[in-house]
Protein chains: 2
Amino acid sequence: MKIGELSRATGTNVETIRYYERIGLLPEPARSAANYRSYGPDHRARLVFVRHSRELGFTIEEIRSLLDLSDDPTRDCTEADRIASAHLAQVEDKIAQLSLLRDELKRIVGRCRGGLAGDCRVIEALADHSQCESQH
Amino acid sequence: MKIGELSRATGTNVETIRYYERIGLLPEPARSAANYRSYGPDHRARLVFVRHSRELGFTIEEIRSLLDLSDDPTRDCTEADRIASAHLAQVEDKIAQLSLLRDELKRIVGRCRGGLAGDCRVIEALADHSQCESQH
DNA sequence: CTTGACCCTGTAGTTGCTACAGGGTGCATA
DNA sequence: TATGCACCCTGTAGCAACTACAGGGTCAAG
Ligand SMILES: [Zn+2]
Ligand SMILES: [Zn+2]
Ligand SMILES: [Zn+2]
Ligand SMILES: [Zn+2]
């Protein structure tokens, strides 16, 4: 299949596919006489893996390691577990951090009673972290 | 005060302060005979405002608008409220989205029983979104 | 008078794409 | 046969919000 078909088949931007090839995440495919890229089912599966992992928030470097593992089925899978667990922990950290922000923002937004910017509690709160209740 | 002092006083990287000046978020300060930047309390307050807003997740463009408002105390503060509320909504969206990811990642990580990469349920789950329980 | 801490400008790197510019290819239609 | 049009190619630049130099100047202490 040509790059446009692969793009439609996987919901991936054409430029993104070329980008993944450039950074070595996808192998260089064969070329047609007109120098068009020509993909098979393996390329497609690999791209699906990459896209799905990206949707789950893995970084490109993490995906690179995961692909290395899945390329060599005789290796131990501990590494895959480690990467996924570390990523899960990161996501949980991020949620905790955003929850602090959310609470702080709620407090700040709730203070505005309308009126002039000079008296606005929102602007005042942004200027002064000591009004905050957490170390966000 | 010199840039290094302002940096220590606000916990902001020196390069970041220069960056904010370059993009017009901080005004150009006076210069000493040796061409060193020289800051006063107003610069400091403005930088504190910027850093605190950044810590709360506002974008530079949002902060620019908020600074404009606080520069003109006779304006109506509705705009400040609107920016902060919109930002709060975005943070809540992000938390919801990350919570989906977290649940999906927990399921995936829980499947690994150790062994060979070829049999690893983690790698299998990454290759196949239909095993997921949500549209993350 | 030299060492070290600081300051200056300007530019390039980071992450993960996205968006052209400026060209070539392939097929259908008038 | 010409001519659209959709698609493909390479290479480069842009986004956010910094961060990290390189290559130089300034200043006080020892
Ligand atoms: Zn207000
Ligand atoms: Zn705060
Ligand atoms: Zn496993
Ligand atoms: Zn999925």
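Values below: every heavy atom of this structure, side chains too, minus hydrogens, waters and symmetry copies. Here is the naming used below: chain letters follow the sequence lines, and residue numbers restart at 1 for every chain.
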### Message
Would B:Leu6 and B:Thr12 count as a side chain to side chain contact (heavy atoms under 4.5 Å, CB included) here? Give the steps.
### Response
CA-CA 8 Å; B:Leu6 182 62; B:Thr12 311; over 6 Å; no
[X] side, atom [atom1]; [Y] side, atom [atom2] - distance, nearest 0.5 Å:
X: A:Leu88; Y: A:Ile83; atom1: CG; atom2: CD1; value: 13.5 Å
X: B:Ile123; Y: B:Cys112; atom1: CD1; atom2: SG; value: 8.5 Å
X: B:Lys2; Y: B:Tyr36; atom1: NZ; atom2: OH; value: 6.5 Å
X: B:Arg37; Y: B:Glu5; atom1: CZ; atom2: CD; value: 14.5 Å

Of B:Glu15 and A:Asn13, the one whose nearest nucleotide on DNA chain C sits closer to the 5' end is B:Glu15
To the nearest angstrom, the CD1-C1' distance between A:Ile17 and C:dC17 comes to 13 Å
What is the distance, rounded to the nearest whole Å, between atom CD of A:Glu55 and atom C1' of C:dC17?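 Atom CD in A:Glu55 sits about 14 Å away from atom C1' in C:dC17.
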query: Passes side chain to side chain contact (heavy atoms under 4.5 Å, CB included), B:Ser99 versus A:Ile95? Steps please.
result: CA-CA 7 Å; B:Ser99 299; A:Ile95 289 173; 4.0 Å; yes
**Request:** Take the C1' atoms of the five end pairs on each side of the helix from C:dC1-D:dG30 to C:dA30-D:dT1, get both axes, and report the angle to 10 degrees.
**Result:**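 Angle reported: 30°, given to the nearest ten degrees.
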Check: What pairs with A:Glu104 under salt bridge (Lys or Arg N to Asp or Glu O under 4.0 Å), at least two apart in sequence or on another chain?
Finding: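 Per chain and number, A:Glu104 pairs via salt bridge (Lys or Arg N to Asp or Glu O under 4.0 Å) with A:Arg107.
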Mind checking what makes salt bridge (Lys or Arg N to Asp or Glu O under 4.0 Å) contact with A:Lys106, not counting sequence neighbours?
->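 With sequence neighbours excluded, A:Lys106 shows a salt bridge (Lys or Arg N to Asp or Glu O under 4.0 Å) to B:Glu92, given in chain and number order.
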Check whether any side-chain heavy atom of B:Ile17 lies under 4.5 Å from a side-chain heavy atom of B:Ser7, and answer yes or no. yes
For residues 2-12 of chain A, which residues have at least one heavy atom under 4.0 Å from DNA chain D?
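The answer is A:Lys2, A:Ile3, A:Gly4.
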Here the residues of residues 25-50 of chain B within 4.0 Å heavy-atom distance, strictly under, of DNA chain D are B:Ala34, B:Tyr36
Could you write out each protein N or O paired with an N or O of nucleotides 13-16 of chain C at a distance under 3.5 Å?
{"from": "C:dG16", "atom 1": "O3'", "to": "A:Arg54", "atom 2": "NH2", "distance (Å)": "3.4"}

Item to check | Residues which pass side-chain hydrogen bond (donor to acceptor under 3.5 Å, both in side chains) with A:Arg121, listed by chain and number, not counting sequence neighbours | outcome: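 Residues passing side-chain hydrogen bond (donor to acceptor under 3.5 Å, both in side chains) with A:Arg121: none at all.
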With a cut-off of 3.5 Å and sequence neighbours excluded, list every side-chain donor-acceptor pair involving residues 43-51 of chain A.
{"from": "A:His43", "atom 1": "ND1", "to": "A:Gly40", "atom 2": "N", "distance (Å)": "3.2"}
{"from": "A:Arg46", "atom 1": "NE", "to": "A:Leu25", "atom 2": "O", "distance (Å)": "3.2"}
{"from": "A:Arg46", "atom 1": "NH1", "to": "A:Asp71", "atom 2": "OD1", "distance (Å)": "3.0"}
{"from": "A:Arg46", "atom 1": "NH1", "to": "A:Asp71", "atom 2": "OD2", "distance (Å)": "3.2"}
{"from": "A:Arg46", "atom 1": "NH2", "to": "A:Asp71", "atom 2": "OD2", "distance (Å)": "3.4"}
{"from": "A:Arg51", "atom 1": "NH1", "to": "A:Tyr20", "atom 2": "OH", "distance (Å)": "2.7"}

What residues in residues 85-105 of chain B put a non-hydrogen atom under 4.0 Å from any atom of DNA chain C?
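Within this stretch, nothing sits under 4.0 Å of the strand.
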Return yes if some donor-acceptor pair links the side-chain N/O of B:Gln131 with the main-chain N/O of B:Asp128 below 3.5 Å, else return no.
-> no
Practice task
Extract, from 5' to 3' on DNA chain D, the first and final nucleotides lying under 4.0 angstrom from some heavy atom of chain B.
Solution key: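 Contacts span D:dA17 to D:dC27, reading 5' to 3'.
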- Item | Pairwise salt bridge (charged side-chain N to carboxylate O under 4.0 Å, His left out) hits with a residue in residues 109-120 of chain B, at least two apart |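 Residue pairs with at least one partner in residues 109-120 of chain B: there are none.
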Sequence neighbours excluded, the answer for ring pair (Phe, Tyr, Trp, His ring centres under 6.0 Å) partners of B:Phe58 is B:His87
Set out, in order, the CA-CA distance, both residues' side-chain angles and the distance that settles side chain to side chain contact (heavy atoms under 4.5 Å, CB included) for A:Glu133 and A:Asp103, then state yes or no.
CA-CA 9 Å; A:Glu133 289 179 15; A:Asp103 296 347; over 6 Å; no
- Would you please test A:Asp68 and A:Arg75 for side chain to side chain contact (heavy atoms under 4.5 Å, CB included) and show each step? CA-CA 10 Å; A:Asp68 283 353; A:Arg75 276 178 61 190; 4.1 Å; yes
Would you say the side chains of B:His129 and B:Gln135 form a donor-acceptor pair under 3.5 Å?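 Checked: B:His129/B:Gln135 side chains pair up, N/O donor to acceptor below 3.5 Å.
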TODO: Can you label the angle between the B:His52 ring and the A:His136 ring as parallel, tilted or perpendicular, going by 30° and 60°?
DONE: tilted
